[in-house]
Every structure is written in structure tokens, then in C-alpha cells.
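What follows is a set of notes on a single structure, which appears directly below.
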Amino acid sequence: MHRSVFLVLVSTIVSYCEGYSSTFDNYLYETVLNSTECDEQLHFLVNSTLKWRFIDASAKIPSGILSGNVNDLGDYYQCLDINQHIKNMDVQGKYCTVTVPLDQVIQLPEWPDVNWPNITLPEIPRPPLDNETMRDIESYYKLRKWAMMMASLDRQVDSVEDISTRVFPMMTTAQYGPTFAICIPKVCSTKQAMDFIQDRYPFFNIEYNESFCRLPNDKPFTPADKVAITVFSIIGFLIIISTAYDCYHVFILKTETNVLHRAFSVYTNTRRFLTFKTHPGALECVDGIRAISMAWVVIGHTYALTLLGFVHNLEETLGWLRKFSSTWVNSAPLTVDTFFLLSGLLGVYTTVGKISRDRFIRVIHLFYINRLLRMFPLLATMVLLQASLLNHVSDGPFWQNVALATENCRQYWWSALLHIQNYVNSNQICLTHTWYLSVDMQLYIVCPIILLMLFGDKKIAYIALAGILLLSLVSSTLISFLYNFSAALAHPDRISEFGNYAKYYYFNTLARAPPFFVGMIFGYLLHLWKDRNIRISKINVALLWSLSFAMMAFCIFSVYPVMQLEHDAQIFDNFLNAYMRTIWSSAVGWLIFACVNGYGGPINWFLSLHMWKLPARLSYAMYLVHFPIIMIANGSWVKTHYFTNGDNLYRFMADFWFTFSRCICFVHRHRRSILYVAKTFIGRRRK
């Protein structure tokens with residue numbers, strides 16, 4: 001059984017090596033072009049009523065121009081549904097987009113005679129936008145650039161000086177120009193169709209840049225898709241057989257079953273998964289912290305990934321980002337440091353005191369194997385899904401974003417599984433949000449070096465913990481003060497530095513290490529005071545809680561002044577980047593320490609509620625699954641999106657609960673089954 005499981009994983013890796021990275025059929029795009037047929041079809045459409053379907057599916061003058069909406073995406077599905085055979089011609093629709101520079105003079109002459117009334121239109125030098133709106137449009141396209149880079153969908157993040165320097169799917173090019181959709185016959189290129197339109201209708205005589213085109217069934221079935229279907233079919237077959245065997249013995253024969261044969265049973269795994277037992281020394285409050293932090297991650301990504309599409313009310317959107325009411329969203333990246341803290345804390349708390357130092361040295365390989373077995377099955381499954389089937393679940397004019405994420409996984413699946421992508425391919429990460437797993441695993445590799453010093457003398461332990469924390473703070477400080485990055489993750493006026501910000505700071509293990517080592521310190525303190533009554537005076541408890549709340553408030557609300565247009569205090573930004581995450585993790589560390597030792601009061605009661613146990617158990621799976629779900633949902637949009645706080649909260653609830661429900665099936669069918677088989681094998685080998 002164990003060999004079959006690992007052979008499946010190996011076959012997955014081999015298939016990626018042999019597969020194709022392109023998510024769209026570029027050969028199809030080239031072979032359908034025929035300039036002669038294009039000219040015939042365009043002349044035919046001029047005098048045919050069929051032209052109205054093409055015109056209706058194309059862009060019009062967008063509404064809401066004065067509020068910043070300068071894009072119109074036409075009707076994607078209506079265009080691709082055009083398919084008629086007329087006069088020995090197969091007339092089929094092709095959806096294309098073009099971007100139009102704003103800094104041009106558009107001369108509108110008298111309308112040509114095409115059986116319409118003659119209309120004389122005045123000269124319009126440029127769209128009627130005031131300076132503030134134009135600035136907001138420029139800021140918004142920079143913000144979309146940030147969203148693309150954050151999602152690892154931009155391939156040139158190391159040289160991001162001007163958005164207008166490159167043509168890229170779903171990214172506005174020349175001078176932050178608006179994007180318009182045109183529906184043309186599939187045999188035509190964008191240039192040939194636009195030249196025909198501009199020659200016949202001078203009204204459309206404007207400068208433009210080609211963006212991308214789409215055709216029906218233009219997403220080819222690749223080897224990665226075949227492997228995914230094979231792998232999940234095998235797993236599904238094992239689930240059916242194992243569940244049938246388990247239920248037959250439990251409900252009919254009333255006998256015990258072979259534990260290995262029921263490893264993939266839905267019945268047994270669901271019972272295990274939904275059974276919660278309280279063990280002595282368990283950190284009950286951690287469940288609430290983990291669940292709430294995971295929800296904060298999801299809502300932060302829900303808001304951020306909205307910017308991957310075209311926002312209709314960009315002026316209002318940019319204004320909201322600078323409001324005090326948006327602070328809780330802008331400070332959402334802090335929750336990642338909560339998980340770093342928990343990782344370091346649990347690494348110490350679950351090891352020191354439960355095993356001797358000599359024993360730990362002898363089984364240190366199991367320390368790493370257990371970690372890999374807990375993370376690898378779900379991660380490998382999501383990498384396989386992203387590289388294959390997820391590219392086929394939906395479509396739309398924004399699907400380029402999902403397609404690029406798929407290409408990233410087909411090209412860099414190996415660095416994701418090896419947890420090195422934050423250094424190897426930081427601008428093309430497979431499953432963008434898994435940069436955290438790479439950093440966490442790299443810190444976990446270092447963890448045993450410190451753990452070895454925690455088994456003996458307390459003085460040595462304190463020196464080791466203080467030394468490694470100080471060293472990590474030095475590295476974080478040097479990086480922060482040398483590069484002078486903004487402390488806000490999404491500052492519209494400093495998007496050009498985001499590529500270096502992600503590479504040298506946000507994804508850099510040396511810069512993100514302090515919260516992990518703070519967690520190790522609190523894990524050691526919890527170990528020392530385990531099963532002991534620690535006495536702290538009420539005054540000190542009140543002071544420590546007040547300090548903790550003040551530290552959390554400082555970290556959350558300090559992003560507000562940074563987001564303002566007039567902010568230019570670079571020293572303050574550097575200070576926040578260097579120490580804010582350590583301050584936050586220290587405050588959360590005290591919260592856990594106080595709750596475990598009886599000083600949490602109502603906070604401990606709330607965080608230890610039974611309702612947090614299931615989402616806490618699902619938190620890792622939810623972390624992996626939620627980002628692709630949001631990408632797919634946003635990639636299915638067919639129009640510009642009207643950004644409102646209420647709509648984003650509603651979408652967060654949908655994303656969160658859909659992710660939650662998917663993870664219930666996802667976890668107990670894959671992670672627990674494979675983990676159980678692997679542990680069974682390791683146990684036999686040890687015997």
C-alpha cells in the first residue's frame with residue numbers, strides 16, 4: 001500500500017516533467033488565421049445582420065468614466081457562441097482585447113455614409129477626467145500591478161519601473177490605458193480586423209495595443225490533466241473499496257476490520273476527523289487563535305485579489321484603501337506572523353520534556369519525516385490540481401490570471417514541493433500563498449539545532465534562545481534599513497518596489513524569522529511551567545494584558561498613516577518592517593501563555609470554545625485551498641467589478657465556507673489516509 005501511494009506521487013512528478021507548460025493552445029491561435037478569408041468575412045459582415053452580434057458582444061463607451069471606469073469587456077460568452085455557416089463560410093467569433101493610451105488626440109470626423117444619419121461630432125482631445133481622477137486611474141493600475149505580482153502572475157517583477165513598458169495579458173499597457181474588448185471573426189488577427197474597422201469607420205481611428213485573444217476550446221488537454229485524472233481516480237477507487245469493506249464489517253458482520261484496509265474509508269476517517277479528545281497539557285486556546293487567524297488570511301486575500309480584475313469604481317476603491325475603516329484589511333499580513341509564532345511554539349512544546357536529548361538525536365530524522373508527511377500529501381495534491389484540472393473548471397475574460405498560475409505550477413512544481421521557491425523563483429511561485437510554507441519549513445530545518453540546547457541547563461537554553469532571536473532581529477533590521485521598503489503591503493504609490501520587497505523582505509526567511517524564534521521562547525516557557533502553578537499578581541497581570549493589547553493595537557493601526565498620500569517618514573517604515581512582526585508575535589505569545597496558565601479569563605474561554613476545533617484542524621487545508629478558489633471565482637467574472645465593502649464581506653463568507661466544506665472532504669480522504677499508511681510502514685520498519 002505504501003509503495004503504491006509513493007509511486008503515485010512519483011508518477012505525478014514525472015508527468016510534470018513530460019507535460020506542457022502552456023495553458024492555452026497557441027498552435028490553434030496561429031492555424032485559424034487566414035487573411036483572405038478574414039477579408040471576405042469582414043466585407044460580408046458589413047452588409048449582414050450578423051454584424052450586430054459581433055457589435056453587441058464588443059465594448060461600448062463605458063459607464064462611470066468620471067469615477068474612474070475606463071474599461072469595457074463586452075460579452076465574452078456571446079462572442080464565443082457565434083458560430084454560423086453562411087455562403088460557404090464558417091463565421092465564428094473570437095474574443096480579443098486591446099488597450100488604448102489616454103495621452104492621444106482623437107479626431108472625430110463626420111460619420112461616413114453607411115445608411116445611417118450623418119452626424120458631426122466635435123474634436124475631443126482626451127476623456128473629460130480631472131487631474132484627481134487621472135491620478136487615481138494611474139494609482140489603480142499600479143495597484144493592479146501589485147496584485148499581479150502578489151499573485152506571482154507578473155514575470156518581470158525585478159524591473160518594475162513603469163507599467164507601460166510591456167504588453168502582458170490582463171495588464172494595461174501604454175500609459176495606463178483603458179482596455180476594450182472586440183469580437184471579430186476567428187480567422188482574423190486583431191490588427192487586420194482593427195485596420196479594416198479604422199479604414200471604413202474613421203471614428204475608430206485611434207492608437208491601440210493588442211493584448212490577448214480567446215477562442216472556444218482553446219485550453220488543451222495536457223499530460224498533467226491525464227495524470228490528475230488517473231491519480232484521483234485511483235484514490236477514488238481506493239475510497240470506495242475501503243469504505244465498502246469497512247461498512248460491511250462494521251454494520252453487517254459486526255466484526256473488527258483490518259486497520260490497513262480501512263485506511264481510505266470515509267466512515268472511519270470521518271469519525272476520527274470529527275472526534276475531539278482533550279489531552280493533559282493541551283493548548284486549548286491555540287485552536288481559537290489558529291481558526292481566527294485563518295479567517296483573517298482568507299478575508300485579506302479576498303480583498304486583495306479583487307484588484308486582479310478591473311474595478312468599476314476605482315476612485316472610491318482607492319479612497320477606501322486610505323480610510324481608517326480599511327485598516328483591519330491592510331494589516332491582515334500580520335496574521336502570517338501568528339502562524340510563524342505557533343510553529344516555533346509548538347515545535348518546542350511538543351518536543352522538549354517528552355523525549356530525552358539522546359533519544360531526540362537518534363530519531364531526529366523522524367522529526368523531519370513527520371513534518372513532511374503532514375505537509376506533503378495535501379501540498380502535492382493542490383500543486384497537481386492547480387497544474388491541471390483547475391484550469392478547466394471555468395472561464396472568462398479574466399481567466400488569464402488562473403492560466404498563469406497554472407503555468408507557474410507546471411514549471412516550478414518541484415521548488416514548491418522542495419520548499420525553496422521563495423529563493424529559486426520568487427516571482428513565479430506555484431500556489432503563491434505557499435511561500436509561507438517554504439519559509440516555515442526552512443525555519444523548521446534550523447529548529448533542532450536550537451532544540452538540542454533546550455534539553456539541559458536552563459541558562460544555556462536562555463542564552464541559545466536569546467542569541468538566535470537577537471541574530472534574527474539583526475538580519476531583519478539590516479534588510480529593512482538597507483532597502484527602505486514601505487511598511488504597507490499595498491501602497492499604490494510604491495508599487496514599483498514590490499518586486500524587490502517580496503524577494504528581499506516579504507519572502508525572505510532571514511527577514512521573517514523573528515516571530516518563529518519568539519514562538520520558541522514562549523514554547524520553552526510553557527514547557528518550564530507545565531503542570532505548575534505560576535503566581536502573578538493582579539497588577540502585573542493587568543499591566544501585561546494592557547501592554548499586550550497596546551502592542552497589538554500599535555501593529556494593526558500603524559499601517560493607517562503609512563497608507564496616506566502625504567506619508568514620507570521612511571525611518572518609521574523601516575522600524576515597522578524590522579520590529580513590528582516581533583512586537584505582534586510577542587503580544588500573541590503572552591496571550592497564549594496567560595490563557596494556558598489561568599490568566600486568560602473570558603479571552604481563554606472564548607478561544608477554547610469547542611466550535612474552534614474543527615476549523616483549527618482544517619486550517620492547513622484551508623490555507624492551501626482558499627487561494628485557488630478565490631482565483632477561480634474572480635477569474636469567472638465577465639464584467640468590471642463594483643468594489644464595495646459589503647460585497648467583499650459577502651464574498652469572503654462564500655469563499656470561507658466553500659473552502660471549509662471542500663477541506664472536510666479533502667483532508668480526511670488524502671492526508672489522513674496517506675499519513676496513516678506511511679506511519680504504519682515506518683512503525684513496521686522500526687519494529
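- Side chains of Q421 and S426: no donor on one and acceptor on the other come within 3.5 Å.
- Using a 3.5 Å distance cut-off with no hydrogens or angles, the side chains of Y483 and N500 do not pair a donor with an acceptor.
- The backbone N or O of S293 lies less than 3.5 Å from a partner atom in the side chain of T335, making a donor-acceptor pair.
- Side-chain polar atoms of N422 and Y436 form no donor-acceptor pair below 3.5 angstrom.
- Without hydrogens or angle criteria, E497 side chain to F485 main chain gives no donor-acceptor distance under 3.5 Å.
- Note on ring orientation: taking the six-membered ring where Trp is involved, the planes of F656 and F660 are parallel (angle under 30°, cut-offs 30° and 60°).
- Of the N and O atoms on the side chains of N425 and S415, at least one donor lies less than 3.5 Å from an acceptor on the other residue.
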Exercise for review: Carefully, step by step, assess N427 and F507 under the rule side chain to side chain contact (heavy atoms under 4.5 Å, CB included).
Suggested key: CA-CA 10 Å; N427 63 328; F507 297 164; over 6 Å; no
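- Closest heavy-atom contact between A403 and F24: CB-CE1, 3.4 Å.
- Side chains of T302 and N648: no donor on one and acceptor on the other come within 3.5 Å.
- A donor-acceptor contact closer than 3.5 angstrom links the side chains of H392 and D225.
- Using a 4.5 Å heavy-atom cutoff, the side chains of D337 and L341 are not in contact.
- In summary, the side chains of H301 and H433 do not present any donor paired with an acceptor at a separation below 3.5 Å, with no hydrogens or angles considered.
- Nearest heavy atom pair, residue S388 against residue A224, reads CB-O, 3.4 Å.
- Using modelled atom types, one side-chain atom of Q570 and one backbone atom of N484 make a donor-acceptor pair closer than 3.5 Å.
- Nearest approach of A487 to V562, heavy atoms of both residues: N-CG1, 4.2 Å.
- In terms of heavy atoms, P220 sits closest to T23 at CD-O, 3.4 Å.
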Exercise for review: Might you work through the side chain to side chain contact (heavy atoms under 4.5 Å, CB included) test for L385 and M382, ending with a clear yes or no?
Suggested key: CA-CA 5 Å; L385 281 172; M382 280 310 303; 4.0 Å; yes
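- A donor-acceptor distance shorter than 3.5 angstrom exists from the side chain of K219 to the backbone of N391, with no hydrogens or angles considered.
- The main-chain N or O of V439 is never found under 3.5 Å from a side-chain atom of T509 such that the two would form a donor-acceptor pair.
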Practice item. Take T306 and R651 through the side-chain hydrogen bond (donor to acceptor under 3.5 Å, both in side chains) test and state the conclusion after the steps. Key: CA-CA 10 Å; T306 300; R651 292 193 306 110; 2.4 Å; yes
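- Counted within 6.0 Å of OH on Y368, heavy atoms from surrounding residues, nucleotides or ligands total more than 12; the atom is thus considered enclosed.
- When all heavy atoms of W399 and L390 are compared, the closest pair comes out as CZ2-O, 3.4 Å.
- One finds no salt bridge joining D287 and R617 here, because no Lys/Arg side-chain nitrogen approaches an Asp/Glu carboxylate oxygen to under 4.0 Å.
- Both tests hold for R512 against Y506: distance to the six-membered ring centre under 6.0 Å, angle to the ring axis within 45°.
- Using a 30° and 60° split on the angle between ring planes, W637 and F398 fall in the perpendicular class, above 60°.
- Side-chain contact of W584 with T338: a donor-acceptor pair under 3.5 Å is present, judged by distance alone.
- Judged by distance alone, with hydrogens and angles left aside, the side-chain atoms of N330 form a donor-acceptor pair with the main-chain N or O of L321 at under 3.5 Å.
- The backbone N or O of Q386 sits less than 3.5 Å from a side-chain atom of T406, completing a donor-acceptor pair.
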Review point. Does the pair C409 and L431 meet the rule for a side chain to side chain contact (heavy atoms under 4.5 Å, CB included), with working shown?
Key: CA-CA 7 Å; C409 278; L431 297 172; 4.1 Å; yes
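- Side chain of S619 to backbone of A616: a donor-acceptor contact under 3.5 angstrom is found.
- Between N508 and the options W435, Y423, Y501, a side chain to side chain donor-acceptor pair (under 3.5 Å) holds for only Y423.
- Contact detail for S242 and A263: the closest heavy-atom pair is OG-N, 3.8 Å.
- Between F367 and F360, the distance separating the two ring centers is shorter than 6.0 angstrom.
- Within the 3.5 Å criterion, the main-chain N or O of L215 finds a donor-acceptor partner in the side chain of D218.
- By the 4.5 Å heavy-atom criterion applied to side chains, M580 and F575 are not counted as neighbours.
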Practice item. Could you walk me through whether F340 and F516 pass the ring-ring contact (aromatic ring centres under 6.0 Å, His included) test, one step at a time? Key: CA-CA 5 Å; F340 283 133; F516 183 89; 7.5 Å; no
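- Under a 3.5 Å cut-off, the side chain of S480 and the backbone N or O of T477 do not form any donor-acceptor pair.
- Distance check: L384 CG to L379 CG gives 11.0 Å after rounding to the nearest 0.5 Å.
- Between S22 and R410, the side chains place no donor N or O within less than 3.5 Å of an acceptor N or O (distance only, hydrogens not considered).
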